[in-house]
Amino acid sequence: MTNVKVDITVNGRTTTDDVEPRLLLAHYLRENLGLKATNIGCDTTSCGACTVLLDGESVKSCTVLAVQADQLAVTTMEGLAGESGDSLDNPVTAAFRAEHGLQCGFCTPGMVMAVTGLIAENPDLDERAVREGLEGNLCRCTGYHNIVRAALVAAGKDPDAEQEIEAESDAARTAPGFSAGSGS
Amino acid sequence: MIPVGFDYARPDSVDGALALLAEHGEDATVMAGGHSLLPVMKLRLAAPELIVDIGRLRELNYIRVDGDEVAIGAGTRHHDVETSELLATEVPLLPAVARTVGDPQVRHRGTLGGSLAHGDPASDLPAAVLALDATIVLRSPRGERSVPATEFWTGVFTTAKEPDELIVEIRVPRTGTAGWAYEKFTRRANDWAIVAVAVVDGRVGLVNMGSTPLRASATEAALAEGKSIADAAALADEGTEPPTDTAGTPDYRRNLARVLTRRALETAAGR
Ligand SMILES: Cc1cc2nc3c(=O)[nH]c(=O)nc-3n(C[C@H](O)[C@H](O)[C@H](O)COP(=O)(O)OP(=O)(O)OC[C@H]3O[C@@H](n4cnc5c(N)ncnc54)[C@H](O)[C@@H]3O)c2cc1C
Ligand code: FES
Ligand code: FES
């Protein structure tokens, strides 16, 4: 089995290594580069804890080979720190903090990267788009409510207003003829 | 989980990939998005000696109108199908089905060709392609051939594709925006269909109702004879052999197939 040389731009910095083709991108980031924000939860493409951006799009790095990322750009949560070098100097991480979108924090890097990718693809997120867009990210602590609020805030939305709209539309969809009782 | 070691090649053309497949025979396996293959390799249920990565071949990534049909490159990702403006007006069933596959991360990697080649009877796009009466174009060093979707899946995870062949293109009729629907039934977010039904122009494709994607032939015949939607949908499970698993029994799936077919036909009739 022949090793393969990879050049991967990680968080704006070119990295080079000779890797076994079977090396997963998640392991390349954590072990070869020492970037430990990216967590491995399920290792079966289910939980999303390992989500990073590959050329700007969210992917689960436990199911991408490092060789598949050769010549491409990867962004991990470490790469979100702004000029200050502080990882809270970023609209998504700041919104997670402000809205208390985490408890144990294990899912957080994956959530933050998934939300970052989601906003890049659709800057006009509503609550439904956030919930559907985070379908591939599991959180065992928060019940998702504050994560969804954080995503809405990061997209520049008022989470209270969005959640009211969604509650009404959800009630109309799931129980035809039943009023959401918002008084309007 | 770590796959068994393998060698890796990333040829820069379809011809280069075909040459590698011809040279290495059964030892070589093609990888497109890797979102069916890598999980299987991590479980060590597959241990190819050589991975031929076709995931970045631009020549396999396109969606274009070609006469009465839309031609889609086999390497087109679910995400590209989902967001294609051309498909939204020409064949809207496909983006609607692609949108139900996995989650955004999965759709950023998985490809149409990979989904068809993998041949999982629980997957969504094969049944849609079957209901569309699509044609699957295969290429090998021996040349190119077209296989109707109705003849492509031959058994569980088995297809009419030879080991030295690549799927290069999927050709689907331009249906326009009327007469289609997709009903996928799951109990959890981000899950495979327990049963799903694709309807387009009076043709009905079934997901997870047997060892391959299936057409609900009895329903289609009843519709052609002018029977009501309710009567036709009541025949949707005829001739199927649905599986048993933790999600449901065969009887449960039969019932789901009938109910989802009725719903899909009603939605399609209203479009
Ligand atoms: C968490 C998760 C959830 C998922 N949920 C769903 C779901 O809800 N519905 C669904 O339908 N699918 C689902 N999938 C499967 C997903 O759609 C896969 O991407 C798809 O089945 C395979 O596409 P791929 O490009 O990743 O193929 P790969 O994994 O690269 O390849 C799969 C097989 O096809 C062969 N192959 C690939 N491309 C070609 C080609 N052009 N010519 C010949 N052979 C080829 C490979 O050799 C391999 O045998 C899910 C996957 C994951 C990981
Ligand atoms: S660790 Fe990759 S999806 Fe769970
Ligand atoms: S905060 Fe604990 S898993 Fe999400």
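So you know, we letter chains A, B, ... as the sequences are listed, proteins then strands, and number each from 1.
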Pairwise distance [atom1]([X]) to [atom2]([Y]) - rounded to 0.5 angstrom:
X	Y	atom1	atom2	result
B:R107	A:E135	CZ	CD	6.5 Å
B:D103	A:K60	CG	NZ	3.5 Å
B:I51	A:R22	CD1	CZ	13.0 Å

Counting only heavy atoms closer than 4.5 Å, note whether B:R10 contacts chain A via side chain, backbone, both or neither.
->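 For B:R10, the contact with chain A is made by the side chain alone.
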
Proximal component of B:D7, with respect to chain A [non-hydrogen, under 4.5 Å] |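 Both parts, backbone and side chain.
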
For chain A, find which of B:R109, B:R56, B:M1 contributes the most heavy-atom pairs closer than 4.5 angstrom.
->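 The candidate making the most pairs under 4.5 Å is B:R56.
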
Option that, when pairs with chain A are counted at under 4.5 Å, heavy atom only, ranks first among B:R77, B:R188, B:M41, B:E49 |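 The candidate making the most pairs under 4.5 Å is B:R77.
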
Do any side-chain atoms of residues 89-112 of chain A form donor-acceptor pairs under 3.5 angstrom with protein atoms, and if so which ones, sequence neighbours left out?
{"unit_1": "A:D89", "atom_1": "OD2", "unit_2": "A:S84", "atom_2": "OG", "d": "2.9"}
{"unit_1": "A:N90", "atom_1": "OD1", "unit_2": "A:V92", "atom_2": "N", "d": "2.8"}
{"unit_1": "A:N90", "atom_1": "OD1", "unit_2": "A:T93", "atom_2": "N", "d": "3.3"}
{"unit_1": "A:N90", "atom_1": "ND2", "unit_2": "A:L80", "atom_2": "O", "d": "3.4"}
{"unit_1": "A:T93", "atom_1": "OG1", "unit_2": "A:S87", "atom_2": "O", "d": "2.6"}
{"unit_1": "A:T93", "atom_1": "OG1", "unit_2": "A:N90", "atom_2": "O", "d": "3.2"}
{"unit_1": "A:E99", "atom_1": "OE1", "unit_2": "A:R149", "atom_2": "NE", "d": "3.1"}
{"unit_1": "A:T108", "atom_1": "OG1", "unit_2": "A:G105", "atom_2": "O", "d": "3.1"}

A:L72 portion near chain B, given a 4.5 angstrom heavy-atom threshold |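 For A:L72, side-chain heavy atoms alone lie under 4.5 Å from chain B.
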
Go through the atoms of A:N3 and report whether side chain, backbone, both or neither lie under 4.5 Å from a heavy atom of chain B.
->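 Looking at A:N3, nothing touches chain B.
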
Could you name each residue pair satisfying side-chain hydrogen bond (donor to acceptor under 3.5 Å, both in side chains) that touches residues 85-99 of chain B, not counting sequence neighbours?
->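 Checked against side-chain hydrogen bond (donor to acceptor under 3.5 Å, both in side chains) - neighbours excluded - the pairs reaching residues 85-99 of chain B are B:E90-B:R174.
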
Positions in residues 24-39 of chain B that reach chain A, provided some heavy atom is under 4.5 Å away |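 The residues closer than 4.5 Å to chain A, in numerical order, are B:M31, B:A32, B:G33, B:G34, B:H35, B:L38, B:P39.
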
Taking every non-hydrogen pair under 4.5 Å, which of [options] racks up the most with chain B?
options	result
A:T51, A:L134, A:I40	A:T51
A:L54, A:V64, A:L118, A:T44	A:V64
A:E132, A:H27, A:E121, A:E20	A:E121
A:C62, A:G117, A:A114, A:G48	A:C62

Test item: [X] and [Y] side chains (from C-beta on) under 4.5 Å apart, heavy atoms:
X	Y	result
A:D43	B:K42	yes
B:Q105	A:T45	no
A:L65	B:F6	yes

List for me each residue that meets side chain to side chain donor-acceptor pair (under 3.5 Å) alongside A:T15, sequence neighbours excluded, and say none if there are none.
->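 Testing A:T15 for side chain to side chain donor-acceptor pair (under 3.5 Å), a comparison that skips the adjacent residues, returns A:Y28.
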
